[in-house]
2 protein chains.
Amino acid sequence: MSRTKARAALLGELEEAMRRSSAQGVLYGQTVANVAGIANSDLECMDILYLEGRVTAGRLAEVTGLTTGAITGVVDRLEKAGLVRRERDEADRRKVYIAVVPETAMKIGQLYVPMQQAMEKVFDAYSDEELRLLLRFANEGYKGVVAATTALKGLLDTPPEKRPDLKLKKRRG
Amino acid sequence: MSRTKARAALLGELEEAMRRSSAQGVLYGQTVANVAGIANSDLECMDILYLEGRVTAGRLAEVTGLTTGAITGVVDRLEKAGLVRRERDEADRRKVYIAVVPETAMKIGQLYVPMQQAMEKVFDAYSDEELRLLLRFANEGYKGVVAATTALKGLLDTPPEKRPDLKLKKRRG
DNA sequence: GCTAAATCTCTTAGAGACTAAGATATATAT
DNA sequence: ATATATATCTTAGTCTCTAAGAGATTTAGC
């Protein structure tokens, strides 16, 4: 087997392995939402709030791809559950900032403990240097996914007849 | 900084980086479903079919966590869109196998091209040996997530009075 | 072989979450 | 001042989900 063929095979395996674990990650999230008794979108917003901190309702709509009307519902439910708080911006009174209530949101965080423990166990088998490689990949992969999402959304705004013909690259291997 | 402290920091960074890219991956999937004009669950089932091949309706329900009734709806919509075909098992006529229709499903596959291209670009910067490390991690990570999902589902079946108070609201499932 | 229980999918009714359109309130520009 | 833009919320209607159970088929016990 030639060097490039071996690499192509490796890339194919990697793609499938990542697709698999990513799909399983989605299922984990669904289970968390189910156990917590909140909708998937609601949990997704909690996640965004965890990652981005205090954000406006409009920003949540932008990031999740939901309409502002749907976000109103999401925030209503989360607020009712005591997980977040609406905070009107005093400088621009049209804006509503959504902030997590840490004491309550902690209960959701606990549902990620099984995942953290499982991953800790996996990480144990790697040296510091290997972990640094994984971290580099995670960061670069994140940027790649963001770029891919932007590209795909771009397709949405392109009229179908003007879209470049999407052809799968010839699978090597 | 001590060796173990450095490692703990590394692990923390890794967790956040993976959480970020995983969240972004979910958003990519939502965008795909949106562009394809099908529901999220429908796309999720297409993904499972891609990974597992021909599976029964019941298996889809099991893997997705949806009820069998919901799966009937999913398959109805996918079949109507020409993406899958129902195939009754001649040996056990209660069973219905769901099989993708490759010619049509290809159109969905094309929506993953931006992602494949982005990841290919990322992978380019890694040596074969580094890619093998990433593959090992992806496979072990997958098993970890499966284990975590099982553990979390286990909590679901634990009587509420025997586990820490996690439930915020009565579940609908 | 016959009957009861189990298995697998589908049906139905009702609940929840989403979109589209537009209302409301506030801010900015001319 | 007035018009336009921005940010969130409201409403009506649609879609997808669950819960419960029906229908069809298979398996197990006698």
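Convention: sequence-line order gives letters A, B, ...; per-chain numbering from 1. Bear in mind that the values here come from a model prediction, so they are computed numbers and not experimental data.
- For the residue pair B/Y126 and A/R7, the shortest heavy atom distance occurs at O-NH2, 2.8 Å.
- Contact between the side-chain N/O atoms of A/S41 and the OP1/OP2 oxygens of C/dC18 is found at a separation under 4.0 Å.
- Atom pair A/N40:CG and D/dC17:C1' shows a separation of 11 Å (rounding to whole Å applied).
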Quiz: residues 53-65 of chain A side-chain donor-acceptor pairs under 3.5 angstrom, not counting sequence neighbours:
residue	atom	partner	partner atom	Å
A/R54	NH1	A/E87	OE1	2.8
A/T56	OG1	A/R59	N	3.1
A/R59	NE	A/E52	OE1	3.3
A/R59	NH1	A/E62	OE2	3.1
A/R59	NH2	A/E52	OE2	3.0
A/T64	OG1	A/L60	O	2.7
A/T64	OG1	A/A61	O	3.4
A/T64	OG1	A/L66	N	3.2

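- Along DNA chain C, the nucleotide closest to A/R93 and the one closest to A/A39 are compared, and the more 5′ of them pairs with A/A39.
- Put simply, the side chain of A/T104 gets close to the backbone of A/G82: a donor and an acceptor are under 3.5 Å apart.
- Taking atom CD of residue B/E62 and atom P of nucleotide C/dT9, one finds them 10 Å apart after rounding to whole Å.
- If you take CG of A/N34 and C1' of D/dA19, they are 14 Å apart, rounded to a whole angstrom.
- Between the CG atom of B/L66 and the C1' atom of D/dT18 there is a distance of 10 Å, given to the nearest Å.
- Summarising the geometry, the separation between CD1 on B/I38 and P on D/dC15 is reported as 16 Å, rounded to the nearest angstrom.
- For the pair B/D89 CG and C/dC8 P, the computed distance is 11 Å after rounding to whole Å.
- By the ring-ring contact (aromatic ring centres under 6.0 Å, His included) test, A/Y112 pairs with no residue at all, sequence neighbours left out.
- With hydrogens and angles ignored, the 3.5 Å screen pairs no side-chain donor or acceptor of A/E15 with any backbone N or O of B/Q116.
- The 12-atom threshold is exceeded at CD of A/E79, counting heavy atoms of other residues, nucleotides or ligands nearer than 6.0 Å.
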| field | Letter per nucleotide, 5' to 3', of nucleotides 3-11 of chain D [B base touched, S only sugar-phosphate touched, - untouched; heavy atoms, 4.0 Å] | value | ---BSBBB-
